[in-house]
Amino acid sequence: MSLPGNLFLLLGAAFCFLGALGLFRMPDVYNRIQAGTKAVTLGTLCILLGVWFHHPEWWAKLAAIGGLLLLTNPVGSSTIARALFLAGVRPWQSHPADREV
Amino acid sequence: MNLPDWLQLALLLLFGGAVLLGLARLVLGPQAPDRIVAADTLAVIATAGLVLLSLVLESALYLDVALVYGVLAFVGVVALARIIEGGARP
């Protein structure tokens with residue numbers, strides 16, 4: 001029973017839920033990418049921290065998962081956004097400079 | 001199991017809501033890019049759920065499952081992005 005661990009677990013689950021809500025509500029695929037990636041990454045890291053408070057002896061695997069998440073998740077989202085832009089998907093409210101690429 | 005009851009209920013509701021919203025975007029997504037983004041986000045939410053499952057079941061084995069799942073989701077996302085970007089150019 002550890003209060004900081006419980007609070008971090010609750011915070012992480014709340015951020016995961018808010019990220020999924022942004023994924024559902026945002027008007028455009030680029031907005032959905034940023035809502036899903038940023039909020040869900042933060043939520044997952046908070047959950048890893050909460051599990052670390054409950055079981056400090058699992059620190060190695062938790063650190064491995066957190067490091068992998070921090071390295072791969074922004075790279076994956078950036079790769080998707082770049083591929084979509086190169087494939088011709090235009091943002092919801094387009095700036096004039098976007099159309100010339 | 002050392003989590004209090006209110007926390008278990010809150011975690012279940014929040015994660016269930018997150019998975020349902022992601023699945024709704026996966027099903028309703030107007031175009032294929034929306035579905036790809038939804039699948040990517042659902043994979044990260046599933047990784048968080050697997051970490052939480054290792055805490056609930058008191059078994060560190062699920063942490064390995066979460067690690068491998070994260071790696072495979074990243075490889076799948078990059079492969080899909082390459083396909084969108086146009087063909088198998090070297």
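A note on names: the letters A, B, ... follow the listed sequences, proteins ahead of strands, and every chain is numbered from 1.
The side-chain heavy atoms of Phe24(A) and Leu28(B), taken from C-beta on, include a pair separated by under 4.5 Å. Counting heavy atoms from C-beta outward, Trp58(A) and Val51(B) have side chains that stay 4.5 Å or more apart. Counting only heavy atoms from C-beta outward, the side chains of Thr41(B) and Ile33(A) never approach each other to under 4.5 Å.
Phe15(A) and Leu9(B) fall into different hydrophobic clusters, where Ile, Leu, Val, Met, Phe, Trp and Tyr are joined by side-chain heavy atoms under 4.5 Å apart, directly or via other members. Residue Met26(A) is not grouped with residue Val40(A) when hydrophobic side chains (ILVMFWY) are merged at heavy-atom distances under 4.5 angstrom, including chains of intermediate members. By the rule that hydrophobic residues join a cluster once side-chain heavy atoms approach within less than 4.5 Å of another member, Val75(B) and Val68(B) end up as members of separate clusters. Under the 4.5 Å side-chain heavy-atom criterion for Ile, Leu, Val, Met, Phe, Trp and Tyr, Val78(B) and Leu80(B) are members of distinct hydrophobic clusters. Hydrophobic clustering (side-chain heavy atoms under 4.5 Å, transitive across Ile, Leu, Val, Met, Phe, Trp, Tyr) keeps Leu12(B) apart from Val19(B).
When each of Thr41(A), Leu62(A), Leu84(A), Leu45(A) is scored by its heavy-atom pairs under 4.5 Å with chain B, the top score falls to Leu84(A). Contacts with chain A were tallied for Leu11(B), Ile36(B), Leu14(B), Leu67(B); Leu14(B) has the most, counting heavy-atom pairs under 4.5 Å. Interface remark: of the candidates Leu20(B), Val77(B), Leu13(B), Val44(B), Val44(B) forms the most heavy-atom pairs closer than 4.5 Å to chain A. Between chain A and the residues Ala24(B), Gly17(B), Ala10(B), Ala60(B), the most heavy-atom pairs under 4.5 angstrom are made by Ala60(B). With chain A as the partner, the residue from Ala43(B), Gly16(B), Ser54(B), Ala73(B) showing the most heavy-atom pairs under 4.5 Å is Ser54(B).
Distance check: Leu86(A) CG to Ile84(B) CD1 gives 10.5 Å after rounding to the nearest 0.5 Å. Note: Asn6(A) CG to Trp6(B) CH2 = 5.5 Å, rounded to the nearest 0.5 Å. Residue Ser59(B) holds its OG atom at 10.0 Å from NE2 of His55(A), rounded to the nearest 0.5 Å. Atom CG of Leu55(B) is separated from atom CD1 of Ile47(A) by 10.0 Å, given to the nearest 0.5 angstrom. Atoms NE2 and CD, from His54(A) and Glu58(B) in turn, are 9.5 Å apart once rounded to the nearest 0.5 Å. To the nearest 0.5 angstrom, Leu7(B) atom CG is 10.0 Å from Leu3(A) atom CG.
Among residues 73-81 of chain A, the residues having any heavy atom closer than 4.5 Å to a heavy atom of chain B are, in sequence order, Asn73(A), Val75(A), Gly76(A), Ser77(A), Thr79(A), Ile80(A).
With a 4.5 angstrom heavy-atom cutoff, Leu10(A) touches chain B via backbone and side-chain atoms both. With a threshold of 4.5 angstrom between heavy atoms, Asp40(B) approaches chain A through side-chain atoms but not through N, CA, C or O. Val71(B) touches chain A through backbone and side chain together, each having a heavy atom under 4.5 Å away. Within the 4.5 angstrom heavy-atom criterion, no atom of Leu26(B) approaches chain A. For chain B, the nearby parts of Leu21(A) are the backbone and the side chain; heavy atoms of each come within less than 4.5 Å.
Residues Val37(B) and Val29(A) approach most closely at CG2-CG2, 4.0 Å, considering heavy atoms. Of all non-hydrogen atoms in Ile45(B) and Cys16(A), the two that sit nearest each other are CD1-O, 4.3 Å. Nearest heavy atoms, Ala18(B) versus Ala20(A): O-CB, 3.3 Å. Across every non-hydrogen atom of Leu23(A) and Ala38(B), the tightest pair is CD2-CA, 3.9 Å. Pairing each heavy atom of Pro30(B) with each of Arg32(A), the nearest pair is CD-NH1, 4.1 Å. Here the shortest heavy-atom pairing between Gly70(B) and Leu68(A) reads C-CD2, 4.1 Å.
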> What's the verdict on side chain to side chain contact (heavy atoms under 4.5 Å, CB included) for Leu21(B) and Phe17(A), showing C-alpha distance, side-chain angles and the deciding distance?
Replying inline: CA-CA 8 Å; Leu21(B) 286 172; Phe17(A) 177 76; 3.9 Å; yes
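For Glu57(A), the CD atom sits in a packed shell: over 12 heavy atoms of surrounding residues, nucleotides or ligands are nearer than 6.0 Å. More than 12 heavy atoms of other residues, nucleotides or ligands sit less than 6.0 Å from atom OH of Tyr30(A).
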